[in-house]
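A short worksheet on the structure shown next.
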Amino acid sequence: TFPIKLWLLVNSPCVHSVRWDARGEGLFIDQGLFEQELLGAGSGAAGEEELFKTKNFGSIVRQLNLYGFHKLTVSPAGSAAGSRPTSSTAGGDSSYPDGPLHHFWNPHFRYDRPDLLVKIKRLTKANKEKLDAGLEVTSRLPDDFQ
């Protein structure tokens, strides 16, 4: 699933466009480099086959949003060692040589807690109805990831 792919990418030494923030609680994505490495706009430095069904970075951001990731403001002070991340209301991108740097956060996506990945749910109509009714939405990690 998408969160597991993202987890594998951010922890891969071959992928340079996705990395943990200094606290291991957030995720930086260098848009230009991500498009080159993982969406087929470049040579495919990661050596991966097509990981995503899209070549559009906006579709990746949409997926992040559907899985409960929140965009944060990119600031040198806040991203390095600041307190708890805060949601961004106005873009929150900084420009870098390869393109904007995006910072995303999900309470269940942490460097030291791969066991929390099962709590990341895609916000579908059925899942939203379950959550609104006070029911738990369940999933499990693939056997090879547990």
State, with a plain yes or no, whether a side-chain heavy atom of Leu117 is found less than 4.5 Å away from one of His108.
no
Tell me, do Glu35 and Lys55 make a side-chain contact under 4.5 Å, heavy atoms counted?
no
Pairwise side-chain contact, Arg19 with Asn11, heavy-atom cut-off 4.5 Å (strictly under):
no
Go through the structure and list residues passing side chain to side chain donor-acceptor pair (under 3.5 Å) with Asn65, not counting sequence neighbours.
none
Considering only heavy atoms from C-beta outward, does the side chain of Val15 approach that of Val10 to under 4.5 Å?
no
Is the shortest side-chain N to carboxylate O distance from Asp115 to Arg113 below 4.0 Å?
yes
Say you draw a straight line from CZ of Arg122 to OH of Tyr67; how long is it, rounded to the nearest 0.5 Å?
5.5 Å
Distance flag, aromatic centroids of Trp20 and Phe109, threshold under 6.0 Å:
yes
Give a yes or no answer on whether the side chain of Glu37 reaches the backbone of Ser17 with a donor-acceptor pair at less than 3.5 Å.
yes
Can the ring centroids of Phe34 and His102 be said to lie less than 6.0 angstrom from one another?
no
Over all atoms of both residues, closest heavy-atom pair of Trp105 and Glu25:
CD1-O, 2.7 Å
Is any side-chain heavy atom of Leu38 less than 4.5 Å from a side-chain heavy atom of Leu33?
no
Just by distance, do the side chain of Lys121 and the backbone of Val118 share a donor-acceptor pair under 3.5 Å?
yes
Rounded to the nearest 0.5 Å, how far does CZ of Phe52 lie from CG of Leu6?
6.5 Å
Given the rule that I, L, V, M, F, W and Y join up when any side-chain heavy atoms are under 4.5 Å apart, are Leu116 and Ile4 in one cluster?
no
Taking the side chain as every heavy atom from C-beta outward, state whether Leu8 and Lys5 have any pair of such atoms under 4.5 Å apart.
no
For the pair Leu27 and Phe69, evaluate side-chain contact (heavy atoms from CB on, under 4.5 Å) and give the outcome as yes or no after the intermediate values.
CA-CA 10 Å; Leu27 167 71; Phe69 285 82; 4.2 Å; yes
Side-chain heavy-atom pair Ile120, Asn106 within 4.5 angstrom cut-off:
yes
Side chains of Ile29 and Leu64: closer than 4.5 Å at any heavy-atom pair?
yes
Smallest separation among heavy atoms of Thr54 and Asn56, with atom names:
OG1-N, 2.9 Å
Look at atom CZ of Phe2 and say whether more than 12 heavy atoms of other residues, nucleotides or ligands are closer to it than 6.0 Å.
yes
